[in-house]
Amino acid sequence: MLDIKRIRKEPEKIEMLLNRREKISLDRLLELDEKRRNLISTSESIKAQQNAESKQIPILKKEGRDTGAILAEMKKLSAQMKEYNDEIAQLDTDLSQILLGIPNIPNEDIPIGKDEQDNVERRKVGEVRKFDFEPLAHWDIAVNSGLLDFERAAKISGARFSMFTGNGAKLERALINFMLELHTRSHGYTEISPPFMVNRQSMVGTGQLPKFEEDAFHITNNDYFMIPTAEVPLTNIYRDEILDLDQIPAYLTAYTPCFRAEAGSAGRDTRGLIRNHQFDKVELVKLVHPDMSYNELESLTKNAEEVLKLLEIPYRVVELCTGDIGFSSAKTYDIEVWMPSYDRYVEISSCSNFEDFQARRANIRFRDSDEQVKFVHTLNGSALAVGRTFAALLENYQNKNGSVTIPEVLKPYMGDLETI
RNA sequence: GGAGAGUUGGCUGAGUGGUCGAAGGCGCACGAUUGGAAAUCGUGUUUGCGUGAUGAGCGCAACUAGGGUUCAAAUCCCUAACUCUCCGCCA
């Protein structure tokens with residue numbers, strides 16, 4: 001959520017910056033805002049009068065004087081107040097609906113562009129493997145070796161579900177444990193195991209709602225949402241709190257399944273683990289001092305990259321342009337892993353600095369050294385999407401005989417298996 | 001699922017219709033005292049909105065949330081959420 005005071009002060013500049021990502025007019029917002037402020041001024045002066053006069057009532061009563069006249073007048077004021085309050089409440093609703101639908105202002109330094117074609121590659125790590133045989137896609141490798149069963153997953157659930165079996169399930173668990181151990185032991189994150197269903201307010205807090213409700217799985221009989229990412233519960237841990245200076249920076253990590261309706265992706269990535277309704281992910285979340293958030297984005301991205309470095313899978317980091325960046329983000333790096341079946345790099349992580357956009361929605365603040373209460377900056381990144389890591393591992397580590405070599409760092413988590 | 005009790009400021013805890021943003025205590029900050037510290041004493045200690053210059057001041061709001069009664073609600077009524085206790089059920 002943007003700061004209404006800032007919009008009021010420099011609407012043209014903000015509109016210009018927002019237009020780098022999508023066409024947005026702030027006219028209606030400003031009009032309602034002005035109307036609201038006028039009404040508040042009027043109603044508050046009535047209220048002040050009401051307060052002053054109502055103090056007289058008990059005094060008059062004590063003196064045994066007649067209060068009929070003043071009560072009648074007060075009744076009139078009261079009715080008037082009610083009308084004003086109803087109107088203000090309606091304006092508040094309208095205003096917050098507009099405000100919640102406006103995306104974040106992209107950082108002024110990020111590349112300007114209209115879609116993913118305009119993203120900028122920042123670095124490329126690892127050598128893409130040259131196969132001396134025809135490499136298979138991960139869904140073929142996995143099904144041939146009994147690591148995944150898509151057909152039965154479709155039977156028990158439906159399209160876009162997968163089921164890990166035997167050593168496949170073990171490898172998935174190994175990846176989760178490997179990632180969590182790395183981030184908790186080497187990168188200083190605190191592990192959290194949060195709820196997988198959250199309430200509506202949490203989804204608004206991180207920006208999934210109200211605009212993207214069709215992307216989420218909604219439990220309708222009690223208004224819960226299946227989390228689309230651990231970002232939602234982790235960031236909302238401190239919703240409506242004022243943190244002490246020694247509580248930030250907070251580094252949190254969690255493994256959770258993620259649930260996405262994938263509305264609008266019909267026909268895309270229909271095979272394999274790339275785009276499912278349910279997938280596992282290890283997430284990193286940071287709540288930091290505003291002065292530090294861009295440094296923290298660099299280190300968070302490095303933390304995520306470390307997973308692929310240790311697994312020795314080639315990847316690249318791209319900086320998203322204004323047209324491709326997510327709704328809530330000010331700056332985002334995507335990490336893309338080399339996927340032989342796609343013959344290109346495929347997104348496996350997205351690391352973003354939201355600045356104070358989520359903190360305003362979720363009302364997460366801290367008391368700075370100057371005693372001022374300020375909004376924190378929030379960041380998060382996948383580290384990594386486990387299903388896609390599983391897929392990339394299979395494809396990059398496959399052997400001619402159909403087996404898959406287990407990377408060195410994963411062996412302790414795989415009972416020292418060499419291949420599966 | 002059934003029955004009951006509760007939710008007040010950073011914490012604790014008073015307050016059952018009017019002068020209550022809210023006593024007292026703890027904690028915290030600053031000052032006095034001290035060679036220094038403890039103890040003691042004093043002062044201060046929420047957040048949001050509106051109006052000001054992102055200052056001072058002024059005004060308004062907030063006692064879990066939302067609605068109602070009333071001239072007036074922390075206080076009365078209704079609904080919801082959460083917490084606790086007992087019973088039932090369950091992993």
Side-chain angles (χ1 to χ4, degrees), chain A residues 1-11 13-14 29-96 98-100 193-205 219-225 233 236-248 290-291 355-356 359-376:
Chain A
M1 189 162 62
L2 303 184
D3 182 2
I4 182 75
K5 289 180 189 159
R6 196 175 152 203
I7 295 177
R8 231 178 255 156
K9 213 167 73 186
E10 39 182 20
K13 184 179 177 199
I14 290 179
L29 179 74
L30 289 165
E31 181 195 322
L32 291 180
D33 177 57
E34 194 179 345
K35 206 166 154 192
R36 172 178 174 274
R37 284 184 296 141
N38 287 337
L39 278 174
I40 284 178
S41 289
T42 314
S43 88
E44 283 187 352
S45 63
I46 295 175
K47 186 69 192 169
Q49 184 194 349
Q50 209 176 8
N51 286 345
E53 293 196 28
S54 85
K55 278 184 188 168
Q56 299 304 312
I57 294 174
I59 297 170
L60 291 176
K61 276 190 173 167
K62 217 174 263 175
E63 292 171 353
R65 293 169 52 190
D66 177 46
T67 54
I70 192 167
L71 286 188
E73 195 200 333
M74 294 297 289
K75 196 160 191 158
K76 240 164 49 191
L77 281 181
S78 179
Q80 221 174 76
M81 275 305 294
K82 195 171 157 46
E83 275 176 45
Y84 276 114
N85 286 342
D86 289 349
E87 204 172 334
I88 290 168
Q90 185 56 51
L91 280 170
D92 281 341
T93 308
D94 295 348
L95 271 169
S96 76
I98 294 173
L99 215 45
L100 287 173
S193 180
F196 299 161
M197 290 187 241
V198 296
N199 57 32
R200 181 170 286 273
Q201 217 187 331
S202 293
M203 293 286 277
V204 173
I219 313 292
T220 50
N221 58 353
N222 47 22
D223 207 28
Y224 287 142
F225 292 85
N236 278 282
I237 288 174
Y238 295 110
R239 192 178 70 222
D240 293 322
E241 294 191 28
I242 298 173
L243 304 176
D244 290 327
L245 210 47
D246 62 10
Q247 289 179 276
I248 59 167
D291 294 346
E355 297 188 354
D356 64 3
R360 283 180 187 282
R361 292 177 158 244
N363 195 28
I364 308 170
R365 295 171 294 171
F366 74 104
R367 199 175 301 279
D368 205 351
S369 48
D370 60 6
E371 289 297 305
Q372 295 288 303
V373 174
K374 301 170 184 169
F375 288 104
V376 300

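Below, chains carry the letters A, B, ... as their sequence lines are ordered, and counting in each starts from 1. Quick caveat, the model's predicted, so the values are computed rather than measured.
- Closest contact between the side chain of A:Ser54 and the listed nucleotides B:G18, B:G59, B:U47 involves B:G18.
- Rounded to whole angstrom, the span from the CD atom of A:Glu34 across to the P atom of B:C49 amounts to 18 Å.
- For A:Arg8 and B:G50, the shortest distance from a side-chain N or O to OP1 or OP2 is below 4.0 Å.
- Between A:Asn51 and B:C60 there is a side-chain polar atom (N or O) within less than 4.0 angstrom of OP1 or OP2.
- The side chain of A:Arg367 contributes no N or O atom lying less than 4.0 Å from OP1 or OP2 of B:C28.
- You'll find that the side chain of A:Ala48 is closest to B:C60, out of B:G50, B:C60, B:C71.
- The phosphate of B:A72 has OP1 or OP2 within less than 4.0 Å of a side-chain N or O from A:Ser78.
- Under the Watson-Crick and G-U wobble criteria, each requiring two contacts below 3.5 Å, nucleotide B:U7 is paired to B:A81.
- Using Watson-Crick or G-U wobble geometry with both donor-acceptor distances under 3.5 Å, B:C58 finds its partner in B:G50.
- Ranking B:U47, B:C60, B:C49 by closeness to the A:Ile40 side chain, first place goes to B:C49.
- One distance of note links CZ of A:Arg360 with CG of A:Leu99; it measures 9.5 Å at 0.5 Å rounding.
- Across all strands shown, the partner of B:C30 is B:G42, judged by Watson-Crick or G-U wobble contacts whose two distances both fall under 3.5 Å.
- Annotated as anti: B:G13, whose O4'-C1'-N torsion sits more than 90° from 0.
- Note on A:Arg6: every side-chain N or O is 4.0 Å or more away from OP1 and OP2 of B:U54.
- The shortest heavy-atom contact between A:Asp33 and A:Arg8 is OD2-NE, 2.7 Å.
- OP1 or OP2 of B:C49 has not a single side-chain nitrogen or oxygen of A:Lys47 nearer than 4.0 Å.
- Residue A:Arg37 places at least one side-chain N or O closer than 4.0 Å to OP1 or OP2 of B:U51.
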